[in-house]
Amino acid sequence: MGAFPVVHWADVVAEKLAMENRRHVLATAITPSGPIHVGNLREVMTTEAIYRALKDRGAEAELIYIGDTFDPLRKVYPFLPEEYEKYVGMPLADIPCPCGEHENYAMHFLEPFLESLKDLGVRPHVYLAHEVYRKGIYNEAIKVAMDNAGKIREIMNSIAHRGLPETWMPFNVKCEKCGKLNGEIVAYEWPLASYKCKSCGFEGEVDLRKGGAGKLPWRVDWPARWKIFGVTFEAFGKDHAAAGSSWDTGKVIVKEIFHHPPPMPLVYEFIHLKGRGAMHGSTGVAVSSEEVLRMLPSEVLRFLFMKYEPNRHIEFDTGFGLLDLVDEYDRYERIYFGLEGETAGTKDARRVYELSQPHSIPSRMPLSIPYRHLAVVAQIGRNFEEVVEILSRKHEIKDFDMERLRERYEKIKYWLENYAPEEIKFQLMHEKPDVELSEEDIKFLSALKKKMEELEWEAEKIHTCIHDTAKEVGISAGKAFRAIYRIMLGRDKGPRAGYFLQSLGRDFVLRRIGEFI
RNA sequence: GGGCUCGUAGCUCAGCUAGGUAGAGCGACAGGCUCUUAACCUGUUGGCCGGGGGUUCGAAUCCCCCCGAGCCCGCCA
């Protein structure tokens, strides 16, 4: 097994799957009932990593994503207008798009998510549940389920301790009158079923062969899917893994009803927003995948998932932790390119780095600017070109690096505007700020102004000039810098003074000092 | 009541699936860079490994109990 050391979790799972020596179908599914957040994303990323690891071993594998577009809307979520009350119970694909620009409600949330997947280099075969049903692909499974309703009921009652009544049937009809998935079957003889709608009271009869006539309940739908798509592996959140939960009933139903083996399972933990608990669409503790990609390079987001084993919960921090995460990624990159040794804190660094690449692995070590530093420079330069100019003083920026630098610049700008803690933000005071200065501060500034009038306006020179002047006036350098930051930013600390003042321009600096002496 | 997962330095986490006197990053602190920014470099600090038992010559690592945290156990997915 030399080429792929079996240490990374994705390789461990892939190794096991590969031993089965057959074609694999790895399934993922998410219900687009609201913004699809990074917590949900973990399911896809985890599965995709294993998919890649399988391919790396030469196994034949397919990655599929099933959008649960045929699920009913459960309630009016906080982000929805009240009028959506009338759609509760209807399939997501039948409900109008909240913004009016997508085909339907489901696509409103699904499309940006699928876009994110593209950025992340994930290209699954996408199926939409409402289409799968409509095309009649479920028909066989529906018949088997209906014909075995009694057995399914027993399984559910014994494993999940449900008190399902004798009359329970494993199918919810979509009411022809109100369009909700609340039609309860009262009589059945394949292929016809009579139902009564629990929502509007309508009574009717449907031909179950007509695609989209209704839907299998989740606990039956899931195992049916394993058979229909030949799923051999599926990762799911621990909510499905609790005792008596859908995995417990599903693995029995698929064997005994559909006569098909269950896939290999993998339970993954949830993602928490630092300090706010597990992400949950309905509680508002969530950041959508597309939103995260606005502030974090895609390879770093992948890195977040690859680094931790699936059974660890992840603390996602949109504050300073985000900077640390990027810097940590860069560290793994240096290790990958041999510029730094692997240490106790890094785990499977090379493999994690490989799996973090959305597309191909860079042919050589990319330029890496400490992200924290970039956060500062991005606030000094007024645009990307200026930022490049500032960075060029210390770093050699090649064309090769420009694209990544631009992406990082744009993302950190977004982060600064929307998520960054106040401590790292600074803003040039365009008007004279209201700050306290001491006698010696003023003495220092006066002397500084005089010297600066003659000074060559260059960062290093400015820096030295500040120190020289401080010494001459007999004020500590600390106080000197503080005075400068106070009159420029209205606070005690700031970015490297030399570069900072240089970028502000001599005129501005002299004028501002003049306002205080 | 039940299931799964987790509890290691201020923070985020390695180490625990072949038991052998605690690790990384960040932070903080100090120093360096021909003179103290939030760059960069170096160093220091910092943990009775949630608690208690047991197995062992020896346990963060194995077993048992307890405490704490998270999510779940709805004809919802």
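In what follows, every chain begins at residue 1, and chains take the letters A, B, ... in the order their sequences are listed.
In the model, N182(A) has no side-chain atom that pairs as donor or acceptor with a side-chain atom of Y195(A) under 3.5 Å.
Partner assigned to C6(B) is G68(B), using Watson-Crick or G-U wobble distances below 3.5 angstrom. Base pairing of G1(B) is made with C73(B), judged by Watson-Crick or G-U wobble geometry with both donor-acceptor distances under 3.5 Å. Here C62(B) sits opposite G54(B) as a Watson-Crick or G-U wobble pair (both hydrogen-bonding atom distances under 3.5 Å). Remark: A30(B) base-pairs with U42(B); criterion is Watson-Crick or G-U wobble with both hydrogen-bond distances under 3.5 Å.
Comparing the P positions of U5(B) and C62(B) gives a spacing of 13 Å, expressed to the nearest Å.
Partners of N311(A) according to the side-chain contact (heavy atoms from CB on, under 4.5 Å) rule, which considers only residues two or more places apart in sequence or in another chain, are E309(A). Not counting sequence neighbours, K180(A) has no partner by the salt bridge (charged side-chain N to carboxylate O under 4.0 Å, His left out) test. For T46(A), the side chain to side chain donor-acceptor pair (under 3.5 Å) criterion is met by no residue, not counting sequence neighbours.
Nucleic acid contact for D248(A): none, since no nucleic acid atom lies under 4.0 Å from a heavy atom of the residue.
Among residues at least two apart or in separate chains, salt bridge (charged side-chain N to carboxylate O under 4.0 Å, His left out) pairs with a member in residues 233-247 of chain A are K238(A)-E269(A).
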Interface polar pairs with nucleotides 73-76 of chain B, N/O, under 3.5 angstrom:
residue: C75(B); atom: OP2; partner: R162(A); partner atom: NE; Å: 3.1
residue: C75(B); atom: OP2; partner: R162(A); partner atom: NH1; Å: 2.9
residue: C75(B); atom: O2; partner: W168(A); partner atom: NE1; Å: 3.0
residue: C76(B); atom: O2'; partner: R74(A); partner atom: NE; Å: 3.4
residue: C76(B); atom: O2; partner: R74(A); partner atom: NH1; Å: 2.8

Could you run down the sub-3.5 Å N/O contacts of the protein with nucleotides 5-8 of chain B?
residue: U5(B); atom: O2'; partner: N311(A); partner atom: O; Å: 3.0

